[in-house]
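Presented below is the structure to which this report refers.
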Amino acid sequence: MDDIDAAPDEVDEAPGPEAGDAVDAGRRAALTDSVHDALLELLMSRGVEPGSPLRTQTLAYRLGVSATPVREALARLEGTGLVVRSARRGYRAAPLLSERELDQLVDVRVLVEPGIAAHACARADEAFVARLRAAVEAQRAAPTGPGYPVFKEYLRADWAFHELLAEGTANPFMVRTLDAVRGFVQRLHQVEEQVPDAAESVAEHEAVVAAVAAGDPAAAAEAMRRHLERVRSRAAPGPGTPGVPGAAAPAGVVAR
């Protein structure tokens, strides 16, 4: 695993294109997106160990880009909790979530997502139920490993189901609230090579869809609550889990 600490940050390159140039601005945004995805994969695949420094110039050299898109991508990743920044030390890869943080994260989701499921159910029509079923099928078909470069498609499909329910509420604040925790959920997958509970997650999502199809908001909320509590149980570290005192390394990533 690399420690991205080989070179100090250097002077910024010359300013980029004029703000009014929409074409160049679009290219810059696309480059930043590409760098963001590359850094995300590096962090999730443990190409950088938790706690290691992330030097802008070193990363730019490694990715074959200028420093500007690297800085912009790091700022976005800071919002997900995958990287942290301090005034004196710059950016560093975030430490793994502690057992208490994991529990707190699920607490937030249990407070928010059953309500999302109920509101989406209350508004659902046949077309929306069909979209939910398609989302579950995409999750079922997605590869589950080995390694983040392979199972990242599964994680996207898994999270897309939750996003679709939030969109089904037609409440932009619910969508933004759910989106705020996405990066922190992603951090739960940094130490794994495989998704061992894909079948369980798919079945739990199917239970939510069944309740929505039946037009029962209370049942949809309860199915989502049960799903998240089972996620909590499956994610609970055993003795020796990395980052948790006294625990053994887990065999696979827990589906969300």
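Taking the charged nitrogens against the carboxylate oxygens, D37 and K152 have no contact shorter than 4.0 Å, which rules out a salt bridge. A salt bridge does not link R76 to E72: none of the charged nitrogens lies less than 4.0 Å from a carboxylate oxygen. Using a cut-off of 4.0 Å between Lys/Arg side-chain N and Asp/Glu carboxylate O, E204 and R234 are scored as salt-bridged.
L77 contributes atom CG, which lies 9.0 Å from atom CG of L54 (distance to the nearest 0.5 angstrom). The structure places CG of L96 at 11.0 Å from CG of L102, a figure rounded to the nearest 0.5 Å. Atoms CZ and CD, on R225 and E113 in that order, are 13.5 Å from each other to the nearest 0.5 Å. We find the CG-OG distance between L228 and S233 to be 12.5 Å, quoted to the nearest 0.5 Å. Rounded to the nearest 0.5 Å, atoms CG (D179) and CH2 (W159) are 8.0 Å apart. Taking CZ of R100 as the reference point, atom CG of D107 lies at 9.0 Å (rounded to 0.5 Å).
Here D103 pairs with R232 under the salt bridge (Lys or Arg N to Asp or Glu O under 4.0 Å) rule; sequence neighbours left out. Not counting sequence neighbours, R85 has no partner by the salt bridge (Lys or Arg N to Asp or Glu O under 4.0 Å) test. Residues satisfying the ring-ring contact (aromatic ring centres under 6.0 Å, His included) criterion with F161, sequence neighbours excluded, are H205.
A 4.5 Å side-chain heavy-atom check between S201 and H227 finds at least one atom pair inside the cut-off. Within the 4.5 Å cutoff, the side chain of E163 has heavy atoms near those of the R182 side chain.
Residue-environment remark: NE2 (H36) exceeds the threshold of 12 foreign heavy atoms within 6.0 Å. Heavy-atom contacts from other residues, nucleotides or ligands closer than 6.0 Å to CZ of R140 number more than 12.
For P217 against C121, the heavy-atom pair with the smallest separation is N-SG, 3.5 Å. The two residues L178 and H162 come nearest to each other via the heavy atoms CD2-O, 3.3 Å. Minimum interatomic distance between P143 and E153 (heavy atoms only, all atoms of both residues): CD-CB, 4.3 Å. In this structure, A94 and G81 approach most closely via the heavy-atom pair CB-O, 3.0 Å.
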Begin with the C-alpha distance, continue with both residues' side-chain angles, and end with the deciding distance and a verdict on salt bridge (Lys or Arg N to Asp or Glu O under 4.0 Å) for R133 and E137. CA-CA 6 Å; R133 286 177 173 146; E137 287 308 310; over 6 Å; no
Stepwise side chain to side chain contact (heavy atoms under 4.5 Å, CB included) check, L59 with L42: CA-CA 10 Å; L59 290 168; L42 189 67; 4.1 Å; yes
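Using modelled atom types, one finds no donor on one side chain facing an acceptor on the other under 3.5 Å when comparing E41 with Y148.
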